Amino acid sequence: MTAPKTSWVESANDGQTHFPLQNLPYGIFSTAGGAPRVGVAIGNQVLDLAALDDAGLLPAAAKGAFNAPSLNRFIALGKPVWTDTRARLTALLSADDSQLSGNAALRDRALVPMSAATLHLPVEIPGYTDFYSSREHATNVGRMFRDPDNALLPNWLEIPIGYNGRASSVVVSGTALHRPNGQIKLPNEARPIFSPCRKLDYELEMAFIVGKPSNLGEPVSTAAAPAHMFGLVILNDWSARDIQQWEYVPLGPFNSKTFGTSISPWVVTMDALEPFRRDNPAQSPEPLPYLQQQGRNAYDIDLEVALQPAGAAASTVCRTNFKAMYWTMAQQLAHHTVSGCNVRIGDLMGSGTISGTTADSCGSLLETTRNGAEPVTLSDGARRGFLEDGDTVIMTGWCQGEGYRVGFGEVTGKILPAR
Ligand code: CA
């Protein structure tokens, strides 16, 4: 094993940080009194790209793209500029380069401790689509809500099932959300009640951010799909199960999902994820031709969910991996656009809940606790069928390299009482 390449930013080299030289994820940050601008995470620091651009250290083609409140302007410049910028940042941060490390004034201006930075939503999101691509999740839910012997609906193995979600309520990690109110149909009542949700849940997902738009009427093939992706984030698709169960027939979830969706603040680029591509999962029956794929489109990403009641320690309640998803992101995008639907820069595409086959690998409490019937016990002895007010949900994920991790940081969110 060769030692991984190191940075002169010491905290990037400990093998545990999510943000080593191999990662360089993009985000939007601000410091006291300053405007939000583009930064890159390196160890426990944020590198201010607007400051580097002002100093003339970044590619000329990206000039002016970093003094912006979202990544959209940079993303719109296209893949050759993403690649050049990444190569430039890798060089500037490498242990054997002194152009930035040897310039004390610029270095002090451009490196901000992450603890002093406020992180913002990294992209302006024109549209949010959520898929349903874990066979284990779809089977678990089908068993509970429909028929244990025919848990998967007949279309599930043919279509990467999805629905159009709500972009306006996508929030960055750390944003607290109020428990939603809505219609709930109790089993022995003729009509629904209006009430705060009693079965509040999370859904562990990954999501890709569209980096290259497509034209109305022109499908994107599975082969072309990866070039349309800028990077990935972790996504928590908060879900009100009791509201969902009453409203979802016949057109799918609505208020049970639209009250908030949380994403992690750092966008990990497809370039950084390249070493962690894996073979696609076996699919039977063979998908229709427009869904068949040649390249390796699965990604090896370890994922965890922890629950933290107010004033208590966090307890891990789920460990799973992204690579087992039945439908890949390339197939999702090919299916999304096969009708002629176009996609735009910044569009957010959720994978669907990522679940394994055991209770401790399920990406939602609905599955882990079997709809609340088998509560989980947390480290302080508290039990949870679903989320209570004051609970914080913490999701994290990383790709394990040899001596380093390419990580996503965390997406956290606290539940406040209903209004
Ligand atoms: Ca979902």
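We count ligands from 1, going down the list as the structure has it; atoms in each ligand are counted the same way. Model, not experiment: these values are computed from the prediction.
Its N, O or S atom nearest to the Ca ion (ligand 1) is what matters here, and for Asp237 that atom is OD2. Between the Ca ion (ligand 1) and the N, O or S atoms of Glu205, the shortest distance is to OE2. When distances from the Ca ion (ligand 1) to the N, O or S atoms of Asp130 are compared, OD2 comes out shortest. No other N/O/S atom of Glu203 lies as close to the Ca ion (ligand 1) as OE1 does.
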Enumerate, atom names and distances included, each donor-acceptor pair closer than 3.5 Å involving a side-chain atom of residues 159-171, sequence neighbours excluded.
unit_1	atom_1	unit_2	atom_2	d
Arg166	NE	Ser168	OG	2.9
Ser169	OG	Thr258	O	2.7

In residues 117-126, what donor-acceptor pairs under 3.5 Å come from side-chain atoms, sequence neighbours left out?
unit_1	atom_1	unit_2	atom_2	d
His120	NE2	Ser30	OG	2.7

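Looking only at side-chain heavy atoms (C-beta outward), Asp391 and Lys414 stay at 4.5 Å or farther from each other.
Donor-acceptor pairing under 3.5 Å is recorded for the side chains of Arg419 and His178.
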